Amino acid sequence: MHTVIDTAGSHRRSRSNPKGTAMDTNVSLSGYVGTAVEYTAAEGYSFATFRLATTPRIRRNGEWVDGETTWITVEASNRAADNAAASIHKGDPVIVVGRLQTKRWQGRDGEPRERLVLTALALGHDLARGTSQFTRTPRQSADRAASAAQEQPMTEPADADSSEGVHVA
């Protein structure tokens, strides 16, 4: 494994490219949670996903107006997923730092689809837009984490194309 320093100066190890530099696109985005957090837990692993809406304010003809809204799917795993599911709700302003990727698949109608996905390395409430209360979660041993994961209900992911009925101001 090699240590990679991204443009923000943080270190991480790359297993996917042991001979060179990882070519991930690391970004930070702020926006509003546009869907409920979908949470799934299995033995020793948990996963959370939600849609993030980010709408820039632009000046047009001397007035401030909303620009085009960009929708990003945010994915988190393990402790970040557990904490996101417990802390983040539809409509909350958040900041997410992670690796941006385009995921491609074939839809049920046979047509190719693609979506921007941000795999979260860190996420939390945007404190420029409100206040938040932090509660540290205790570390779990491997046995306790596995048994806690077995107690969590499994959920089906929502339709990949759904973000209907969400209005973000």
Side-chain angles (χ1 to χ4, degrees), residues 6 8 10 12 16 24-57 66-109 113-169:
D6 67 16
S10 64
R12 69 181 170 78
S16 61
D24 291 335
T25 303
N26 293 307
V27 299
S28 61
L29 293 175
S30 65
Y32 289 90
V33 177
T35 61
V37 176
E38 296 176 19
Y39 179 75
T40 303
E43 188 174 333
Y45 184 79
S46 56
F47 181 78
T49 185
F50 63 89
R51 300 277 284 154
L52 178 71
T54 179
T55 304
R57 296 285 291 166
D66 287 342
E68 185 78 23
T69 299
T70 300
W71 288 92
I72 306 284
T73 298
V74 176
E75 296 178 346
S77 58
N78 298 323
R79 290 185 71 191
D82 300 339
N83 294 335
S87 304
I88 294 175
H89 307 284
K90 182 177 176 180
D92 286 355
V94 295
I95 297 174
V96 183
V97 177
R99 291 186 300 274
L100 186 64
Q101 300 173 312
T102 301
K103 295 217 174 166
R104 293 177 176 86
W105 72 96
Q106 189 170 4
R108 291 181 184 151
D109 60 0
R113 304 264 193 259
E114 66 180 41
R115 160 174 291 180
L116 287 176
V117 175
L118 183 58
T119 303
L121 301 172
L123 65 159
H125 288 108
D126 184 346
L127 298 181
R129 298 180 183 168
T131 62
S132 188
Q133 179 84 27
F134 181 79
T135 304
R136 184 174 304 276
T137 54
R139 289 195 176 265
Q140 294 182 343
S141 70
D143 292 338
R144 286 191 318 172
S147 67
Q150 288 175 346
E151 295 172 10
Q152 296 293 328
M154 298 296 285
T155 60
E156 287 291 321
D159 183 350
D161 297 323
S162 68
S163 53
E164 304 148 1
V166 176
H167 173 71
V168 179

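Bear in mind that the values here come from a model prediction, so they are computed numbers and not experimental data.
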Which distance, rounded to the nearest 0.5 Å, do you find between the [atom1] of [X] and the [atom2] of [Y]?
X: Arg113; Y: Gln106; atom1: CZ; atom2: CD; result: 9.5 Å
X: Leu116; Y: Leu52; atom1: CG; atom2: CG; result: 11.0 Å
X: Lys103; Y: Thr119; atom1: NZ; atom2: OG1; result: 5.5 Å
X: Arg129; Y: Ile95; atom1: CZ; atom2: CD1; result: 8.0 Å
X: Asn83; Y: Leu123; atom1: CG; atom2: CG; result: 8.5 Å
X: His89; Y: His125; atom1: NE2; atom2: NE2; result: 6.5 Å

Can you name the nearest heavy-atom pair linking [X] to [Y], along with the distance?
X: Val37; Y: Ala85; result: CG1-CA, 3.9 Å
X: Ser87; Y: Asp92; result: O-OD2, 3.8 Å
X: Asp126; Y: Ser30; result: OD2-CB, 4.0 Å
X: Ala120; Y: Val74; result: CB-CG1, 4.2 Å
X: Trp71; Y: Gly34; result: CZ3-CA, 3.8 Å
X: Phe50; Y: Ala36; result: CB-O, 4.1 Å

Check your understanding: Is there a donor-acceptor contact under 3.5 Å linking the side chains of Ser46 and Asp82?
Key -> yes

Check your understanding: When you look at Tyr32 and Val94, which way does the side chain to side chain contact (heavy atoms under 4.5 Å, CB included) test go after all the steps?
Key -> CA-CA 6 Å; Tyr32 289 90; Val94 295; over 6 Å; no

Point to revise | Derivation of the side chain to side chain contact (heavy atoms under 4.5 Å, CB included) call for Ile72 and Arg51 | key: CA-CA 6 Å; Ile72 306 284; Arg51 300 277 284 154; 5.8 Å; no

Review point. Taking the side chain from Thr49 and the backbone from Glu75, do they hold a donor-acceptor pair closer than 3.5 Å?
Key: no

Point to revise | For Arg136, salt bridge (charged side-chain N to carboxylate O under 4.0 Å, His left out) partners two or more places apart | key: none

Check your understanding: Got a sec, which residues hit side-chain hydrogen bond (donor to acceptor under 3.5 Å, both in side chains) with Thr137, two or more places apart in sequence or on another chain?
Key -> Arg79

Point to revise | Counterpart residues, side-chain hydrogen bond (donor to acceptor under 3.5 Å, both in side chains), relative to Thr70 (two or more places apart) | key: none

Exercise for review: Run the numbers on Asn26 and Leu121 for side chain to side chain contact (heavy atoms under 4.5 Å, CB included), then give the verdict.
Suggested key: CA-CA 9 Å; Asn26 293 307; Leu121 301 172; 4.1 Å; yes

